[in-house]
Amino acid sequence: LMQSRMLISGPRFSPNGERVAFFQKTPSGVHIFTIAASSKELRQVTSRDGERNIVPRWSGSRDSLFYSQIRPKDSFRRVSASGGESLEILPWSWDSKVELDPQERAIVFVRGPHVVVRDMQSAREITLDRSLNFPRWSPDGQTIFATETVRDESFNTWNVVRCQVASRSCSTLTNGHSVVPSPDGRRIYFMRPGTGGMRSLWSADVDGRDERALGEIGPFRLPDVMFD
């Protein structure tokens with residue numbers, strides 16, 4: 001996307017796949033940026049001197065970004081995608097990575113071994129019945145997809161897990177990790193180990209059936225994956 005190679009962190013596609021949000025170290029702090037997927041229109045979203053702003057997440061309407069702030073204080077915040085003053089949503093420790101549901105009614109995060117869903121208005125929390133990582137919401141906000149790590153003496157394996165928020169029940173769909181639902185909610189995309197440092201990209205329907213191997217990609221750090 002960039003005209004020259006540089007380190008960026010936490011890339012996340014907008015819901016329509018047209019822009020990418022990320023955070024990057026600058027002379028004035030760590031700040032949020034967006035860039036068009038066509039490699040044009042690089043935009044700095046946060047800019048206050050001395051701030052450390054990380055892990056941007058798009059709103060369902062694409063007009064705002066939610067992010068975690070480390071400095072001057074731990075905070076979960078919202079800012080217009082075009083930049084400007086930010087608003088604190090709630091005090092929040094930056095190491096509890098937050099995913100906001102598309103309707104902006106609830107957040108999901110990992111607290112210790114537990115996946116927790118918190119209602120934004122009432123602050124009521126529910127805990128899901130599996131130890132999971134990297135939770136992602138379905139487009140309708142009813143389901144959470146996540147990765148389960150299965151630890152062995154010699155190596156780890158991973159499962160793709162689906163959790164229904166209303167019932168708090170979770171089920172294993174298939175083996176893999178870094179699961180992302182498609183924007184229309186009909187399929188999921190996930191990774192499996194590939195060869196020579198590569199990763200194998202797969203898709204399946206939301207029940208774990210109709211698996212399709214899409215090819216090998218990498219080597220790289222785990223990215224965000226977006227499909228139209």
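Count residues from 1 along the sequence.
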Task: Carboxylate-amine/guanidinium proximity below 4.0 Å for Glu51 and Arg71 - done: no
Open item on the list: Would Val110 and Asn133 count as a side chain to side chain contact (heavy atoms under 4.5 Å, CB included) here? Give the steps.
Closed with: CA-CA 7 Å; Val110 177; Asn133 284 300; 4.2 Å; yes
Open item on the list: Nearest 0.5 Å, please: how far is CD1 in Ile35 from CG in Leu42?
Closed with: 5.0 Å
Task: Donor-acceptor contact present, side-chain Asp140 to main-chain Gln142, <3.5 Å - done: yes
Open item on the list: What verdict does the side-chain hydrogen bond (donor to acceptor under 3.5 Å, both in side chains) test give for Ser203 and Arg212, after you've listed the backbone C-alpha separation in whole Å, the side-chain angles of each residue and the deciding distance to 0.1 Å?
Closed with: CA-CA 5 Å; Ser203 77; Arg212 303 174 190 174; 4.9 Å; no
TODO: In plain terms, say whether Glu18 and Arg62 are close enough for a salt bridge, that is, a side-chain N and a carboxylate O under 4.0 Å apart.
DONE: no
- [ ] In sequence, state the C-alpha distance, the side-chain angles, and the governing distance for His114 and Glu125, and then conclude on side chain to side chain contact (heavy atoms under 4.5 Å, CB included).
- [x] CA-CA 12 Å; His114 303 296; Glu125 294 184 352; over 6 Å; no
Task: Any donor-acceptor pair under 3.5 Å from Arg192 side chain to Asn175 backbone - done: yes
Task: Same apolar cluster: Trp137 and Val161, side chain cutoff 4.5 Å - done: yes
Task: Taking every non-hydrogen atom, the tightest pair across Ser178 and Thr147 - done: N-OG1, 3.0 Å
Open item on the list: Side-chain heavy atoms nearer than 4.5 Å, only ILVMFWY residues, links allowed to pass through others: does that put Leu214 and Met191 together?
Closed with: yes
TODO: Mind checking ring-ring contact (aromatic ring centres under 6.0 Å, His included) for Trp158 and listing every partner two or more places apart, or none if nothing turns up?
DONE: His177
Task: Test ring-ring contact (aromatic ring centres under 6.0 Å, His included) applied to Phe33 - qualifying residues, sequence neighbours left out - done: Phe22
- [ ] From the options Thr143, Leu128, Val108, Ile126, select the one residue that forms a side-chain contact (heavy atoms from CB on, under 4.5 Å) with Val165.
- [x] Ile126
- [ ] Determine whether more than 12 heavy atoms belonging to other residues, nucleotides or ligands lie under 6.0 Å from atom CZ of Arg43.
- [x] yes
Open item on the list: Tell me the closest heavy-atom pair linking Ser28 and His31, and the distance in Å.
Closed with: OG-NE2, 3.4 Å
Task: Gap between atom CG of Asp101 and atom CG of Asp119 - 0.5 Å precision - done: 9.0 Å
- [ ] Mind listing the closest non-hydrogen atom pair of Val79 and Glu85 along with its distance?
- [x] CG2-O, 4.0 Å
- [ ] Take Val160 and Ile188 through the side chain to side chain contact (heavy atoms under 4.5 Å, CB included) test and state the conclusion after the steps.
- [x] CA-CA 10 Å; Val160 173; Ile188 54 173; 4.0 Å; yes
Task: For the student: nearest non-hydrogen atoms of Val45 and Ala81, plus distance - done: CG2-O, 3.7 Å
Task: Polar contact flag, side-chain donor to acceptor under 3.5 angstrom, Glu216-Ser200 - done: no
TODO: Starting at CD1 of Ile54, measure out to OG of Ser68 and round the result to the nearest 0.5 Å.
DONE: 5.5 Å
Task: Spacing of Ser75 atom OG and Glu88 atom CD [to the nearest 0.5 Å] - done: 3.5 Å
Open item on the list: Before you tell me yes or no, could you show the steps for Ile144 and Val117 under side chain to side chain contact (heavy atoms under 4.5 Å, CB included), namely the whole-Å CA-CA distance, both residues' side-chain angles and the distance that decides it to 0.1 Å?
Closed with: CA-CA 10 Å; Ile144 292 170; Val117 179; 3.6 Å; yes
TODO: In plain terms, say whether Arg12 and Glu99 are close enough for a salt bridge, that is, a side-chain N and a carboxylate O under 4.0 Å apart.
DONE: yes
TODO: Is it possible for you to say whether Val116 and Leu90 belong to one hydrophobic cluster, with membership spreading through side-chain heavy-atom contacts below 4.5 Å?
DONE: yes
Task: Flag side-chain contact, heavy atom, 4.5 Å: Phe66 against Ile89 - done: yes
Open item on the list: My understanding is that only one of Val179, Leu132, Val180 makes a side-chain contact (heavy atoms from CB on, under 4.5 Å) with Phe145; could you say which?
Closed with: Val179
- [ ] Taking the side chain as every heavy atom from C-beta outward, state whether Glu211 and Asp205 have any atom pair closer than 4.5 Å.
- [x] no
Open item on the list: I'd like to know if the side chain of Thr172 reaches the main chain of Thr174, judged simply by a donor and an acceptor atom lying under 3.5 Å from each other, with no hydrogens or angles considered.
Closed with: no
Task: Spacing of CG belonging to Asn53 relative to CD belonging to Gln69, to within rounding of 0.5 Å - done: 5.0 Å
- [ ] Would you please test Ser169 and Gln164 for side-chain hydrogen bond (donor to acceptor under 3.5 Å, both in side chains) and show each step?
- [x] CA-CA 6 Å; Ser169 61; Gln164 303 296 339; over 6 Å; no
Task: Atom of Tyr189, atom of Ser182 and distance for their closest heavy-atom approach - done: CE1-CB, 3.7 Å
Task: Shortest non-hydrogen separation from Ser59 to Pro15 and the atoms involved - done: O-CG, 3.6 Å
TODO: Determine whether the side chains of Arg52 and Thr46 contain a donor N or O and an acceptor N or O closer than 3.5 Å.
DONE: no
Task: Residue pair Phe23 / Pro56, side-chain heavy-atom distance below 4.5 Å - done: yes
Task: Side chain Asp184, main chain Arg186, donor-acceptor under 3.5 Å - done: yes
Open item on the list: Show, in sequence, the C-alpha distance, side-chain angles and deciding distance for Trp92 and Phe109, and conclude whether the ring-ring contact (aromatic ring centres under 6.0 Å, His included) test is met.
Closed with: CA-CA 11 Å; Trp92 200 258; Phe109 59 95; 4.7 Å; yes
TODO: Examine distances only and state if a side-chain atom of Arg162 and a backbone atom of Val206 form a donor-acceptor pair shorter than 3.5 Å.
DONE: yes
- [ ] Hey, could you give me the CG/CG distance between Leu65 and Leu100, rounded to the nearest 0.5 Å?
- [x] 11.5 Å
Open item on the list: Check Glu148 with Arg130, please: is the shortest side-chain N to carboxylate O separation under 4.0 Å?
Closed with: yes
Open item on the list: Would Ser86 and Tyr67 count as a side-chain hydrogen bond (donor to acceptor under 3.5 Å, both in side chains) here? Give the steps.
Closed with: CA-CA 10 Å; Ser86 65; Tyr67 65 93; 3.2 Å; yes
Task: Side-chain (Thr34) to main-chain (Ala21) donor-acceptor, under 3.5 angstrom - done: no
